[in-house]
**Q** 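Just dropping this structure here.
For ligands, and for the atoms within them, numbers begin at 1 and follow the listed sequence.
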Amino acid sequence: MAERVAVVGAGIAGLGAAMALAGREREITVIDRDPPAPANLETAFDTWERKGVTQLRHSHVFLGCLVTLIRDKHPRLHDKLRQAGAREFDFEAALPHQLRDQYVPTAEDRDLAFLFSRRTTLEHVMRAYVETLPGVRFLTETAVRGLMVDKSGNVPKATGVLTGNDGAKTIAADVVIDASGRNTILIDALRDNGVTIDEEKSPAGILYFTRHYRLREGQDEPPRDGQPGAGDLGYIKYGVFAADNRHFSITLAVPEIEMSLRTATLDPRTFDAICMRIPGAARWMNPERAEPVTKVFGMGNLHNVWRHFVHAGEPRVLNFFAVGDAALRTNPLYGRGCSSSMMHAHILADVMNETADPKARAIAFDARTRKALRPFWDVIVKQDLGAIRRAKQEQNPAHKPRLKARLIKSFADDAVGPATRGNLSVYRAIMKGFHMIDTPTAWLRRPLIVARVLAMWVTPKPWKRALYQPKLGPERQEMLTQLGLAST
Ligand SMILES: Cc1cc2nc3c(=O)[nH]c(=O)nc-3n(C[C@H](O)[C@H](O)[C@H](O)COP(=O)(O)OP(=O)(O)OC[C@H]3O[C@@H](n4cnc5c(N)ncnc54)[C@H](O)[C@@H]3O)c2cc1C
């Protein structure tokens, strides 16, 4: 008999799970609270109401890991994305300008391409693709309100979901996949059924502000010739996100403790004024080159979250699998959530294809999730705590960093940064971690790469001057004064 799978949520993880699981003997029902996709991409961007995905209209970049999965496992979707205007920005195109002359391609560079696309475009095309897959049906405008749980055995078992206004309708399933994102209600539903789900949570420490722009007629994207499209000024971080069909967006990430700046950034005039003072952003959004096409979207309450579904080798629940943000989340600044969700969905499908035993599935899924994704989570949590400390220090001009902090900063600024811009092997090794093709610290276990970074550290500054980043923008005090904001 066909295995009945209820996938709650048609975001990246839900669509990823459906596409990874389809094609076997399965009846897959993808259930989403939001309306179906509008007819075309521009309507999707302008008006697709997605209350279930609050981050839909924030900047998104898609990493090599996601592109590679789509290219290798779903080639028809890969073609459709290109036809829709999503673009791959390959390894060579992304090289720092200092490395362009020494570039020698290798086979692995293929996996290190970004996908430039608005989030709405990616999701629109993915949804249309999944709708064509055998055994998959969609129920839209259908909110899941609860979980059906069989508590008769030693370990509770999910047996379906509850929908309808009062949760009175049932959808029975052999497997329930929670892909309902950061605001999942199913974890609480499990807890209400007596299932303990432990959770680790750590702050991202920032608020996100995004505005979208479109290149004007006859204008092109600025050349990638040295002014970085992303950077950290200490009191603010910025990123330019190229997208499809002449669209791009800019995100400003403001530390939570920057009270006056965070309030002001939501105003489009202030947002643009900040961008105009950051050369790497200004060259994109200046009014001669581009026009804004949206308001400024703001988002807070950003955390790194990891939920545990297995404890001491024993599953807490059977036939229930959380994928994507419902299971784990990271600070959006690192651009890893969709890649991680897609990878997670494919890990689950591999496990489900390998065994039908509920306990073996739960244990294998947990172990493989940890192996593939936990290294990224751990590094991000550490980096965020460091960034929160630095943001506090920015507010105190008299602060004198300790020796350890000075060494860490020097290692980043005088060793890793210049080595990445000056040596192709170092750049490639670090980008493999960045694109989630390798773990983020794998390069630290490669003696030759570490030797090159250390050699760069001891190289006198004047010899490596061309390998430093240009100044990213004004100091904090100067920016606040220019914006007319009182310093706090
Ligand atoms: C500000 C911001 C910027 C980000 N930028 C990036 C980036 O640049 N690159 C990147 O890779 N990731 C980024 N991310 C992370 C990325 O958006 C998420 O990791 C990704 O969307 C997770 O996918 P998901 O399918 O798990 O959840 P979602 O995409 O949130 O999808 C959840 C789905 O479940 C549905 N749903 C919710 N509740 C119910 C319910 N009760 N019943 C039925 N349906 C329900 C929703 O309608 C939605 O369709 C960003 C996140 C944020 C917050």
**Q** To check you understand the geometry: which heavy-atom pair defines the closest contact between Trp377 and Val305, and what is its length?
**A** NE1-O, 3.1 Å
**Q** Taking the six-membered ring for Trp, is the centroid-to-centroid distance between His435 and Phe114 below 6.0 Å?
**A** yes
**Q** Establish, yes or no, whether the cationic atom of Arg374 lies under 6.0 Å from the six-membered ring centre of Trp306 and within 45° of the ring axis.
**A** yes
**Q** For atom 13 (C) of ligand 1, state which one of Glu49, His58, His60 supplies the nearest heavy atom.
**A** His60
**Q** So if I count the atoms of ligand 1 from 1 in the order they appear, which ones are less than 4.0 Å from some heavy atom of Gly9?
**A** 33 (C), 34 (O), 35 (C)
**Q** Identify, for atom 38 (N) of ligand 1, the protein heavy atom at the shortest distance, and state residue, atom and that distance.
**A** Ser180 CB, 3.6 Å
**Q** What protein heavy atom sits nearest atom 41 (N) of ligand 1, and how far away is it?
**A** Val144 O, 3.1 Å
**Q** Would you find a donor on one side and an acceptor on the other, under 3.5 Å apart, between the side chain of Thr170 and the backbone of Ala172?
**A** no
**Q** Going by the atom numbers of ligand 1, which of them fall below 4.0 Å from some non-hydrogen atom of Ile31?
**A** 43 (C), 44 (N)
**Q** Side chain or backbone of Arg33 under 4.0 Å from ligand 1, or both, or neither, by non-hydrogen atoms?
**A** both
**Q** Between Glu354 and Arg368, does any NZ, NE, NH1 or NH2 come within less than 4.0 Å of an OD or OE carboxylate oxygen?
**A** yes
**Q** Given Asp325, Asp178, Asp34, which has its nearest heavy atom closest to atom 26 (O) of ligand 1?
**A** Asp325
**Q** Of Val310, Asp198, Val155, which is the lone residue that meets side-chain contact (heavy atoms from CB on, under 4.5 Å) with Arg316?
**A** Asp198
**Q** Could you pull out, from Lys51, Glu141, Gln55, the option with a heavy atom nearest to atom 52 (C) of ligand 1?
**A** Gln55
**Q** Within the 4.5 Å heavy-atom criterion, are Arg24 and Glu3 side-chain neighbours or not?
**A** no
**Q** How far is atom 8 (O) of ligand 1 from its nearest protein heavy atom, and which residue and atom is that?
**A** Val61 N, 2.8 Å
**Q** If you count the non-hydrogen atoms of other residues, nucleotides and ligands that lie under 6.0 Å from NE2 in His97, is the total more than 12?
**A** yes
**Q** Taking heavy atoms and a distance under 4.0 Å, where does Cys338 meet ligand 1: side chain, backbone, both or neither?
**A** both
**Q** Considering only non-hydrogen protein atoms, determine which one is nearest to atom 23 (O) of ligand 1 and report residue, atom name and distance to 0.1 Å.
**A** Ser341 OG, 3.6 Å
**Q** Heavy-atom count around Arg191 CZ within 6.0 Å, excluding the residue itself: above 12?
**A** yes
**Q** What protein heavy atom sits nearest atom 15 (C) of ligand 1, and how far away is it?
**A** Gly337 CA, 3.8 Å
**Q** Output the list of atoms in ligand 1 that are nearer than 4.0 Å to some heavy atom of Val53, sorted by atom number.
**A** 29 (O), 30 (O), 48 (C), 49 (O)
**Q** Using a strict 4.0 Å cut-off to heavy atoms of Gly11, name the atoms of ligand 1 that fall inside it.
**A** 25 (O), 29 (O), 31 (O), 33 (C), 49 (O)
**Q** Please state which protein non-hydrogen atom is closest to atom 27 (O) of ligand 1 and give its distance, to 0.1 Å?
**A** Gly181 CA, 3.4 Å
**Q** Please list, in number order, the atoms of ligand 1 under 4.0 Å from a heavy atom of Tyr208.
**A** 1 (C), 3 (C)
**Q** May I ask you to list the atoms of ligand 1 that are less than 4.0 angstrom from any heavy atom of Gly324?
**A** 26 (O)
**Q** Looking only at protein heavy atoms, identify the closest one to atom 3 (C) of ligand 1 and say how far it is in Å.
**A** Pro332 CB, 3.3 Å
**Q** Between Ser59 and ligand 1, find which residue part has any heavy-atom pair under 4.0 Å and reply side chain, backbone, both or neither.
**A** backbone
**Q** Would you kindly specify which portion of Arg145 sits under 4.0 Å from ligand 1, judged on non-hydrogen atoms: side chain, backbone, both or neither?
**A** neither
**Q** Considering the heavy atoms of Thr142, write down every atom of ligand 1 situated less than 4.0 Å from one of them.
**A** 43 (C)
**Q** Using the ring of each side chain (for Trp, its six-membered ring), is Phe248 parallel, tilted or perpendicular to Tyr213, with breaks at 30° and 60°?
**A** parallel
**Q** Check for me whether the distance between the ring centres of Phe45 and His212 falls short of 6.0 Å.
**A** yes
**Q** Please state which protein non-hydrogen atom is closest to atom 49 (O) of ligand 1 and give its distance, to 0.1 Å?
**A** Asp32 OD2, 2.5 Å
**Q** Please list, in number order, the atoms of ligand 1 under 4.0 Å from a heavy atom of Ala143.
**A** 42 (N)
**Q** Does Glu92 pair with Arg110 as a salt bridge, N-O distance under 4.0 Å?
**A** no
**Q** Please examine the side chains of Pro228 and Pro470, heavy atoms only from C-beta on, and report whether any two atoms are closer than 4.5 Å.
**A** yes
**Q** Could an N or O of ligand 1 be found under 3.5 Å from any N or O of Ile185, whether backbone or side chain?
**A** no
**Q** What part of Ala13, side chain from CB on, backbone N/CA/C/O, both or neither, has a heavy atom under 4.0 Å from ligand 1?
**A** both
**Q** Looking at the rings of Tyr427 and Phe91, which for Trp means the six-membered one, are their centres under 6.0 Å apart?
**A** yes
**Q** Just going by heavy-atom distances, which of Arg119, Arg182, Arg329, Met342 is nearest to atom 20 (C) of ligand 1?
**A** Arg119
**Q** I'd like to know if the side chain of Trp48 and the backbone of Pro35 have a donor-acceptor N/O pair within less than 3.5 Å.
**A** yes
